[in-house]
Number of protein chains: 2
Amino acid sequence: MTTAPKTEKRSRIQRKNRKLILEAALDVFSAHGYRGSTLDQIAEQSGLSKPNILYYFQGKEAIYQHLLANILASWLEPLEAIDRDGDAVEEIIAYVQTKLALSQQHPRQSRLFANEILQGARRISQQSKDELKVLVEATAEKIRAWIEAGRLASVDPYHLLFSIWASTQHYADFESQITMILGQETLGNAQVGALDEQTFEQAHAFLDMQFRRLLTP
Amino acid sequence: MTTAPKTEKRSRIQRKNRKLILEAALDVFSAHGYRGSTLDQIAEQSGLSKPNILYYFQGKEAIYQHLLANILASWLEPLEAIDRDGDAVEEIIAYVQTKLALSQQHPRQSRLFANEILQGARRISQQSKDELKVLVEATAEKIRAWIEAGRLASVDPYHLLFSIWASTQHYADFESQITMILGQETLGNAQVGALDEQTFEQAHAFLDMQFRRLLTP
DNA sequence: GTCTATAGTTAGATAGAC
DNA sequence: GTCTATCTAACTATAGAC
């Protein structure tokens, strides 16, 4: 029994199958959590056999770690994009909208991440945690500078970030509850489980207003 | 093999053991999710043997359902307490503070519930879902009336509730991330995992300001 | 690269003695 | 009411043929 090549050049079929596996695994892990997911489910979802999946990845944990690392990276990216030389309120509002758009376009990633945090972030490496902390610290510093310059209302930078994360990610993580409450009278749409466009437009408008009122000096 | 009495009178020892089991199960389920939890863990945590646990409850699912039903009830309670004849802004602010206090005092319940929603609310009965929907609908109606009376700024009632739930529950559900970011330089405290008093005071102040600014007409 | 077969664990639940 | 022993099913992972 051989194993797939690591970082060296991968064939077309290898790239395709790895992609199939990761896509299927994202479906399964985000819906059932790590322990609730099985290789059988990932195999069925991807159309590959179980041993074949273990040919491409070292095991269940390796697939999960791969997804988690990617999600962490895309989670940090928009934070870095905040421009300390830009208009303070507009920079924050833009960040809120970016995060909300991520919840709309990548709800499975958000849910996998939420699951991981909820259960104590056991599978996130100390290095990743340190990176997160440093980046958040730098962002808090940008916010503090804006406040001292009188360009932003005086708020605690950390709790501002918590509030933004919570209220934007909520639309992905608590999607099943939102659907439960708003009902889905939209019978026209194929009910695949995602929230409809209109809900996100309303969320967009609401959060814009909420954070604008909070932050305008 | 016999089974424990259902609703009829239970002995002291029965009440005590059921309580032990539920307390242990809350620890375990909130930390690992449904599928990630085992009867062995609940047995060890409660100090009872596995068969003994199955003497008191019909199975793993029954224990979970019992906890979930209680959590749902305590989740709905503060919503009903909102008084349509009270001061609009103060009523909402009081609700926010109540929800935040619940996150502080009962973080495990919040996390068990979040886990359940995150994974699609599969184990919540249709009846409970309907009850939730009706109660939220009634609350939205109270908020709409306040807005029409000019006592509250014009906001979407549903998205207001989503924002409140998200930003208060965040302190329980994402506790591990908050700890990660705020660090715990508080070496004096026995680090059992919970956020310290100071963090909740800051959250209290922040959310008070956020929703006051949003809602004051 | 992909498959069938299976080893090795772990988990939920039950039987039956005490 | 509580325990030891055990059954059965599910799951990760590996062996080895093709």
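So you know, we letter chains A, B, ... as the sequences are listed, proteins then strands, and number each from 1. Quantities reported herein were computed from a predicted structural model and do not represent experimental measurements.
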Would you please confirm or rule out a distance under 4.0 Å between OP1 or OP2 of [N] and any side-chain N or O of [X]?
X	N	answer
B/S11	D/dG1	yes
B/Y55	D/dG1	yes
A/S49	C/dC3	yes

Please list, pair by pair, any protein nitrogen or oxygen found under 3.5 Å from a nitrogen or oxygen in nucleotides 6-8 of chain D.
none

Starting at [atom1] of [X] and ending at [atom2] of [N], how long is that distance when rounded to a whole Å?
X	N	atom1	atom2	result
B/N52	D/dG1	CG	C1'	6 Å
A/F57	C/dT2	CZ	C1'	17 Å
A/Y34	D/dC11	OH	C1'	11 Å
B/E44	C/dA11	CD	C1'	15 Å
A/L39	C/dT6	CG	P	20 Å
A/K60	D/dA10	NZ	P	15 Å
A/K16	C/dT2	NZ	C1'	13 Å
B/Q58	C/dT14	CD	C1'	14 Å

Identify all side-chain donor-acceptor contacts of residues 69-84 of chain A below 3.5 Å with residues at least two apart in sequence or on another chain.
unit_1	atom_1	unit_2	atom_2	d
A/S74	OG	A/I71	O	3.0
A/W75	NE1	A/Q169	OE1	3.3
A/D83	OD1	A/D85	N	2.9

Residues touching DNA chain C, which here means a heavy atom under 4.0 Å, drawn from residues 20-32 of chain A: none

Apply the test side chain to side chain contact (heavy atoms under 4.5 Å, CB included) to residues B/Q210 and A/Q210: give CA-CA distance (whole Å), side-chain angles for both, the deciding distance (0.1 Å), then the verdict. CA-CA 8 Å; B/Q210 172 172 292; A/Q210 171 172 290; 3.3 Å; yes

With DNA chain D as reference, determine whether B/R35 or B/N17 sits nearer its 5' end, using the nearest nucleotide of each. B/N17

Cationic tip of B/K50 above B/Y55 ring, under 6.0 Å, 45° of axis: no

With a sphere of 6.0 Å drawn around CZ of B/R12, does it hold more than 12 non-hydrogen atoms of other residues, nucleotides or ligands? no

With a 6.0 Å cut-off on the ring centroids, do B/H159 and A/Y171 count as close? yes

Under 4.0 Å between any heavy atoms, over every strand shown, what does [X] touch: base, sugar-phosphate, or nothing? Just pick one.
X	result
A/L48	nothing
B/Y56	sugar-phosphate
B/L54	base

When you check the gap from the basic side-chain N to the acidic O, do A/E90 and A/R212 get nearer than 4.0 Å? yes

Per B/T38 side chain, nearest of listed nucleotides D/dT12, C/dA11, C/dT4: C/dA11

Where [X] and [Y] come nearest, the two heavy atoms and their spacing:
X	Y	value
A/D173	B/L118	O-CD1, 3.3 Å
A/T168	A/S103	O-OG, 2.9 Å
A/L22	A/L67	O-CD2, 3.7 Å

Can you confirm whether the side chains of B/Q45 and B/Q41 place a donor and an acceptor under 3.5 Å from each other? no

